[in-house]
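Within every chain, numbering begins at 1; the chains are lettered A, B, ... in the order of the sequence lines, protein sequences first and strands thereafter. What you are looking at is a predicted structure, and each value in this text was computed from that prediction instead of being measured.
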Amino acid sequence: MNLVAFLGAIEIGLVFGLVGLGVFLSFRVLDFPDLTVDGSFPLGAALSASLIVSGWDPYTATGAAIIGGCFAGLVTAFLNIRFGILHLLASILTMIALYSINLRIMGRPNVAIISEPTILSSFDGLGLAMLYVKPIVAGIVAIAAILLVARFLASEYGLAMRATGVNPRMARAQGVDTRHTTYLGMALSNGLVALAGALFAQMNGFADVTLGTGTIVVGLAAVIVGEALFGTRSVLVWAAACVAGSVVYRLAVALALNSDFLGLQASDLNLVTAILVTVALVLPGARSNLKSMFASARWGRAPS
Amino acid sequence: MVSSLRAIMGCAALAFGSTGLVVSAAAQEKVFVAVTAIVEHPALDAARDGVRDELKANGYEPGKNLRFEYESAQGNPTTAAQIARKLVGEGPNVIVPISTPSAQAVVAATKDIPVIFTAVTDPVGAKLVTDAKKPGGNVSGVSDLSPIRKHLELIQQITPNAKRIGVPHNPGEANSLSLLKLLKQEAGPLGLQIVEAPATRSSDVLSAAQSLIGKADAIYIPTDNTIVSALEAVVRVGTENKIPVYAADTDSVPRGAMAALGFNYYDVGRQTGKMVLRVLKGEKPGDIPVEGVEITELHLNVSAAEKMGVTIPEAVLATAKNVVK
């Protein structure tokens, strides 16, 4: 792996770390399996790219992308809460609708912003190569997002949101309006994902309608890899783990891209990525698993 | 936590271990061409093979004096962005991205390494280059846009008296609208006139074609899904009223269109390979104009031509790749 590929993996990993954080909010905190992200990621890219092309300031355009993402999350939550549509189906409905909406926003399948001003342009004059600026900016945004999410979840309202996910009936009995917390959680989650989409478009110079393919898979992988490697001791560690998990996933992809010396072909990429992530998940747990196996064997019980 | 740290260290060790391998491979005196495509697809794979074969035909043997690397993003634009960084970091002599998203990812990742894109329909719209005639910078390539001018020239060659060209199209297809705009631009200098015949549904195609009777000397069917799906209706109008029907895609010829000038992606790849060779010899991509499809193949339908009252000149017949009797 060369330096550019390494920094690229870190940068893209940090950007998708925001997706990991969003998925953490929906899947883990709210216990709401949400596939909207496959639509809200390209929504963020499409909104920011189209607005930048039409002359908006990149920061305002990014803000608009976040608001658009929040709105997408609200629609999913609305379909689920107001009409009682199963959460998975509600999110699928929003996701497929967003495909058409993204095409409408862009007016075509692909909008290029390679030569337009982006939030990265503000760092142009600092004498630092773009190569380093991109991961640094992504890192600042990711750390800010981790701190904000952790701070929020530690607040009284955040605790109510966590209670909603753990035991909604209990939460309601304690006077928590679970509809309210679900709406806000879903908006926050998809707002973060749209922010990731907006950053991705600006760092890579284009928004494409196919950008959403597999976003939820990557987001879930980030959360689960992060949890397995770094644990869930506190909300702060848990949130940071989601971002770190995303970076590990991207490093696995970068590593898989360099596996040609093993006699692997370009078409083996996804398989190799899957194997590397599996190894990353299995290795740390292997020792404790063995230990517990021996412990239970001594007592004559089957390993649980 | 200790064991998880160990796992990460292992990952990192693997990562940097492979660095050594890459460096040692690059240290040999080899020309290094890196190709990447957004997805495995027959047309895109053919373009890749075309590039490789063109290099091979000019003395660059993969594995000997050429390092030919290919990566596919397996349909995922994020992976395309990551592949772009990897290739840029390896510092090849030329990067050849196939398809628009791959090209955009590569162009965003480097300002120095020569980039020769291929199978990109609208390189200016995709902001790969600002000016197709004088790209400047480190980027040029081959566009796979329908070779409209060649199509119009073919019409003039076979039916020199045709001055008004009827174009049935679906105004709801963005692709058709941009083709129509191009047709109008190219028709003027050739002394031709474009007559529009819009049809928004397949069932409207017959009446759209009929509206051209007496108003057009020839009919040209662009690569428009709606019109092509109802091609037979246009052919019927053409046969009954002795109006020659031309098509943009070769698949329409056995279905009754008189002639079509198509291309295949292998030839587009060979053409791209020629451009790569120019860069390897020291030319700057910025000085090489973006090319359209050059090698085309002519498909003719002789019996359809007869029914439309046209005798195809011998000279044209001789250049045809495929003739339907």
Measure N270(A) against the heavy atoms of chain B and call it side chain, backbone, both or neither at under 4.5 Å. both
Shortest non-hydrogen separation from V142(B) to G292(B) and the atoms involved: CG1-O, 4.3 Å
Can you see which heavy atom on N170(B) is nearest to which on S176(B), and at what distance? O-CB, 3.8 Å
Intermediate values then yes/no, ring pair (Phe, Tyr, Trp, His ring centres under 6.0 Å), F16(A) and F41(A): CA-CA 10 Å; F16(A) 272 83; F41(A) 185 81; 4.9 Å; yes
Does any heavy atom of chain A fall under 4.5 Å from the side chain of Q104(B), the backbone, both, or neither of them? both
Greatest number of non-hydrogen atom pairs under 4.5 angstrom with chain A, of V88(B), T100(B), L128(B), I83(B), falls to I83(B)
Among T78(B), N76(B), T36(B), which has the most heavy-atom pairs under 4.5 Å with chain A? T78(B)
If you count heavy-atom pairs within less than 4.5 Å of chain B, which of T213(A), N110(A), L7(A), D208(A) leads? N110(A)
Only pairs of heavy atoms separated by less than 4.5 Å count here; which of A81(B), A73(B), A84(B) has the most with chain A? A81(B)
Heavy-atom distance under 4.5 Å to chain B: side chain of R250(A), backbone, both or neither? both
Measuring heavy-atom distances to chain B, does M203(A) have an atom under 4.5 Å in its side chain, in its backbone, in both, or in neither? backbone
Contact class of N204(A) relative to chain B, heavy atoms under 4.5 angstrom: both
In L255(A), V247(A), V253(A), the residue satisfying side-chain contact (heavy atoms from CB on, under 4.5 Å) with L251(A) is V247(A)
Grab the two heavy atoms, one from I114(A) and one from K127(B), that are nearest each other, plus how far apart they are. CD1-O, 4.0 Å
Heavy-atom pairs under 4.5 Å with chain B - which of I113(A), T273(A), L269(A) has more of them than the others? L269(A)
For L257(A), is it the side chain, the backbone, both, or neither that has a heavy atom closer than 4.5 Å to a heavy atom of chain B? both
Compute whether any side-chain donor of one residue and acceptor of the other, for D144(B) and Y265(B), lie under 3.5 angstrom apart. yes
Looking only at atom types and distance, does a side-chain atom of T110(B) sit under 3.5 Å from a main-chain N or O of V107(B), one as donor and one as acceptor? no
Here's a test for you: under side-chain contact (heavy atoms from CB on, under 4.5 Å), which of D38(A), T36(A), V19(A), V193(A) qualifies with I216(A)? D38(A)
